[in-house]
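Below, chains carry the letters A, B, ... as their sequence lines are ordered, and counting in each starts from 1.
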Amino acid sequence: LAKRLRKAPRVIATELAGELTAVLRELEGVASVEVAGAGYLNIRLNRAAVAREIAQDKHADVGGPGFRLVEHTSINPNKAAHIGHLRNAILGDTFQRLLRPDSYKRGYEVGVQNYIDNTGVQVADVIVGLVHLEGKTLEGTRELLAELAAQGQRIDFYCWDLYARVSQWYTADPAEAAARKQLRLDTLHALETGGNDTAEIADLISTAVLHRHLETMERLSIEYDFLPRESEILHLHFWDAARALMIEKGVLYEETEGKNKGCMVMRRAGSEVAAGTTDEDAKVIVRSNGTVTYVGKDIAYHLWKFGLLPGKDFGYAKFHEYPTHTCWISTDGPSDPSHPVFGKADAIYNVIDSRQNDPQNNVVQALLGMGFTEAAERYTHFSYEMVALTPRCAIELGYTISEEDKAKSYIEVSGRKGFGVKADDLLDQLIAAAQAEVDTRHPDLGDEARRTIATQIGVGALRYFMLRFTRNTVIAFDFNDALSFEGETGPYVQYAIVRAANIFRKADTTAEDSLAAVAGLDLSSILDSEEGTSLWETWLLASKLTLMIEQCIATAEPAYLAKYAFQLAQQFNNFYHRHHVLKETDATRKALLLATAAVAQREMVRALGYLGIEAPERM
RNA sequence: GGGCGAGUAGCUCAAUGGAUAGAGCAUCAGCCUUCUAAGCUGACGGUUGCAGGUUCGAGCCCUGCCUCGCUCACCA
C-alpha cells in the first residue's frame, strides 16, 4: 500500500493515505497516524508498550526451509593465502552465518564448500620450481616437508616465494623460455593424468598447503564443511556424465567448420548465427585434442551441486576436525560411509570475485539451455570486487613500482610477482598492535587473558574492515586504514559492548536482570517525553537487527549489517555520554537507563556474532 | 570494439525514486577526580564527472558524452 501511495497520482494518493492510515491505526503499538504530505505519514508509537516487547526479545522470525550452499572460490593450494582470499572467505563466512538458524527459529540448512583447484597451472608452477629449481624428488619433497615442520617453517610461505621465483624463471632466459614453458605443460599434463611421481609430489604439497589454509582461516573463525578437489572431478569422470547429458539436451555439439573445427562447443547467450554459417563466437568446452576446459569442469561440478548429475558422486574422507564438526575432502579412493550428504542443493551462492563474471554466466547459460530453469534462477554469483594495494602501501612493502602505477589509486596484487600481503602476516600485525595497547591498559590481567583480548580485537578489526565495503567496491588496501582501531571499525563496536558490560559490573547487576526489570515499570512518562526521545531512538534502532538481516540476505550484501553494528554502537556511545547510569538517583529512571544499555548491548553482541566477531571481556 | 562495474566532502566510503545527500579519516577548537578518552561535542568541508530527458520529486531511472577499472583464449 505504501508503494502504491508513492506511485499514485495525487487525487488517488489521498484516498490511499486514508486507507493506509486506517490499517496502521489498528496495529498494536501504534499510538497515532497522521498524513504528513505526499508519500509521508507520521506514525507515533506507544513507546512504552513497544519497549516492553523489545526487552522481552520478541523479534520476528527470518528464513525458511531449504538447503543453501555457499561456496568459496578456489584457493589454489600452491601458496599462502593473501588479502584477496581474506575478503572472499570473510564475505562467504559472514553470509552463511546469516543464513544459518543459530539464533533464529527458522534458518536455512547450509553447507560451506571450498573448491580446491589442485590440478591447475598454479600448482604445476610450484612443482616445476620444486623439481627443476630445487632438484627435489618425491623422497626429497617428503624430507623438505619434515624439515620445514621441524624448524617451525611454513610450507605455504615457502611456496609463496618459490611460486614468484619460478614465474620469473620461465622468461628470465629468452633462449630457454620455450623449453621451460614446455616443462610446465608436461608437468600440468602429469598432474591431470595422475599415478606418477609428479602427481604425488603435487598431492603432498597441495595437501600440506591446504592444511595451512584451514589453519589461517580458523584464526578468523572461518570453517568449511567440504573440500571438493578438481582432481576428483577429473578422476571420477564427472565430465563424462555431464557431457552425455549436455549432448542429450542439445546444448553441446561438435563444430565441423571454422576456427573451432574438431571441438565440442556451446552457444553463448545472445549470439545469433545465420543459417549455414558456423558460430565463431561459441564457447569451446572440449578442445580438439579431446581434453575438457575449465568451463566444462565447472558445469559438471554445478550439475553435481544441484543433484542433476546422474550416477556421479564424490568419494568422501575426513580431512580436518573442528571443535563442533568435521571438514570433509573428496577422494577417488574408498569413501567413508559416515559422511553427510553434500550437494543436492536447492540454492547456491558462489562467492567468486567479479573477474569471473563471464565464466559464471557460462554455467548459468548451460543450466538454462538444458532446461534447468529453476536451478539457474537459484544460482547466485555472489560477486565482489578485488582487493588491491594503494601505491603507498606497495612502496611501504618494499616493492618498486612504475611512475604510471604511482598515479593510480590502487594496484592489483600479483602472486606471480610475489606482490601482495599474506593473510597471516596482516593478522599477526593487527594482533601485535592490539596486544601493545592491551598490555599498557591492563597490566593487571594475566598473559593468557591479554592474548585472548588482543586476538579478538585483531580479528574484529580485520573482519570488520573486509565487510564495511559494499561488494562492488574495489578495496584499495592500506595499512593505516586496516590497522586502525578508531572510528568506523570492529574495535569501536567491541569497545561499546565492553562499556555496557562495565556498567552492569559496577552496578552489581546483569543485562538479563536489567531487561526483566522493565516489565514492572511505567516507562511511558519518561519515554514519551521530549527528554526520553533520545533513549527511545536507541531502543528503536536496537530492535532492527532482524530487519537488517533480512535485507542482507535479500540483497546478498553483508556490508549493511556491518554498517548497522557501527551505527548502533555510535548510538550507544552517545547514550553513554549523555546519561550517567550509576549516578542516576531516581529508581525508575535508573532502571530504564540500565535496560537501555542492556538492549543495545544484546543487539550489538548479536550483530557482531553474525559478522564473526567476538566481544572481549575487557578492553 | 563488445560486456560488466565505478565516478558523491582534501582522502576512504554510505545513501528502497522521497523530507535539509550522510559516516569515518585528516585538519582545527574543546571535554579525562567520572560507568576506562579504542570515547564524546563542535567547526571546516558538496554544482553527486558533463549535457539533456522522464517525474509532484533524481546521487539513484532514460539518452548521449568524458574518465577510470575489470573482462572478452581450445589459460585456469
**Q** Does the structure show a Watson-Crick or G-U wobble partner for A15(B), both distances under 3.5 Å? Name it, or say none.
**A** none

**Q** State the pairing partner of U33(B); accept Watson-Crick or G-U wobble contacts with both distances under 3.5 Å, and report none otherwise.
**A** none

**Q** Does a side-chain N or O of Tyr410(A) approach OP1 or OP2 of U12(B) to a distance below 4.0 Å, or not?
**A** no

**Q** At under 4.0 Å, does any side-chain N or O of Tyr294(A) touch on OP1 or OP2 of A76(B)?
**A** no

**Q** With the side chain of Glu412(A) defined as its heavy atoms from C-beta on, choose the nearest nucleotide among C70(B), C75(B), C74(B).
**A** C70(B)

**Q** If you compare every side-chain N and O of Arg287(A) against the phosphate oxygens of C75(B) (OP1, OP2), does one of them come in below 4.0 Å?
**A** yes

**Q** Is there a side-chain polar atom (N or O) of Asn361(A) under 4.0 Å from OP1 or OP2 of U71(B)?
**A** no

**Q** Take atom CD1 of Ile352(A) and atom C1' of C70(B), then tell me their distance rounded to the nearest Å.
**A** 16 Å

**Q** Any side-chain N or O of Tyr492(A) below 4.0 angstrom from OP1/OP2 of C25(B)?
**A** no

**Q** Can you see whether Thr119(A) engages Glu230(A) through a side-chain donor-acceptor pair at a distance of less than 3.5 angstrom?
**A** yes

**Q** To the nearest Å, how far apart are Asn480(A) CG and A26(B) P?
**A** 10 Å

**Q** With respect to the phosphate group of G5(B), does any side-chain polar atom (N or O) of Asn472(A) fall under 4.0 Å of OP1 or OP2?
**A** no

**Q** Once you round it to whole Å, what is the distance between C1' of C13(B) and CE of Met466(A)?
**A** 15 Å

**Q** For Arg355(A) and C70(B), give me the distance from atom CZ to atom P, rounded to whole Å.
**A** 9 Å

**Q** Within this structure, what is the CG-to-C1' distance between Asp478(A) and C13(B), rounded to whole angstrom?
**A** 14 Å

**Q** How long is the line joining CZ of Phe566(A) and P of A15(B), in whole Å?
**A** 15 Å

**Q** May I ask you to evaluate whether Lys506(A) reaches the phosphate of U36(B), defined as a side-chain N or O under 4.0 Å from OP1 or OP2?
**A** yes

**Q** Provide the Watson-Crick or G-U wobble partner of C61(B), both distances under 3.5 Å; none if there is no partner.
**A** G53(B)

**Q** Looking only at side-chain N and O atoms, does Thr473(A) come under 4.0 Å of OP1 or OP2 in A14(B)?
**A** yes

**Q** Determine which nucleotide pairs with U8(B), using a 3.5 Å limit on both distances of a Watson-Crick or G-U wobble pair.
**A** none

**Q** If you find the nucleotide of RNA chain B closest to His579(A) and the one closest to Ile475(A), which residue's nucleotide is nearer the 5' end?
**A** Ile475(A)

**Q** Should Arg441(A) be listed as having a side-chain N or O under 4.0 Å from OP1 or OP2 of A38(B)?
**A** yes

**Q** Across all strands, who's sitting opposite C70(B) as a Watson-Crick or G-U wobble pair, both distances under 3.5 Å?
**A** G3(B)

**Q** Looking at Gln570(A), does any N or O in its side chain come under 4.0 Å of the phosphate oxygens OP1/OP2 on C40(B)?
**A** no

**Q** Considering only atom P, compute the distance from C68(B) to A29(B) and round it to an integer number of Å.
**A** 40 Å

**Q** From OH of Tyr576(A) over to C1' of C32(B), roughly how many Å is that when rounded to an integer?
**A** 11 Å

**Q** In a check of side-chain hydrogen bond (donor to acceptor under 3.5 Å, both in side chains) between Asn574(A) and each of Gln571(A), Arg578(A), His577(A), Gln570(A), which one passes?
**A** Arg578(A)

**Q** When the distance from CG of Leu191(A) to P of C75(B) is rounded to whole Å, what number comes out?
**A** 17 Å

**Q** Is the glycosidic angle of C50(B) within 90° of 0, making it syn, or outside that range, making it anti?
**A** anti

**Q** Among the candidates U34(B), U71(B), G69(B), find the nucleotide nearest to the side-chain atoms of Lys583(A).
**A** U34(B)

**Q** Nearest heavy atom decides the nucleotide; on that basis, is Ala434(A) or Glu385(A) closer to the 5' end of RNA chain B?
**A** Glu385(A)

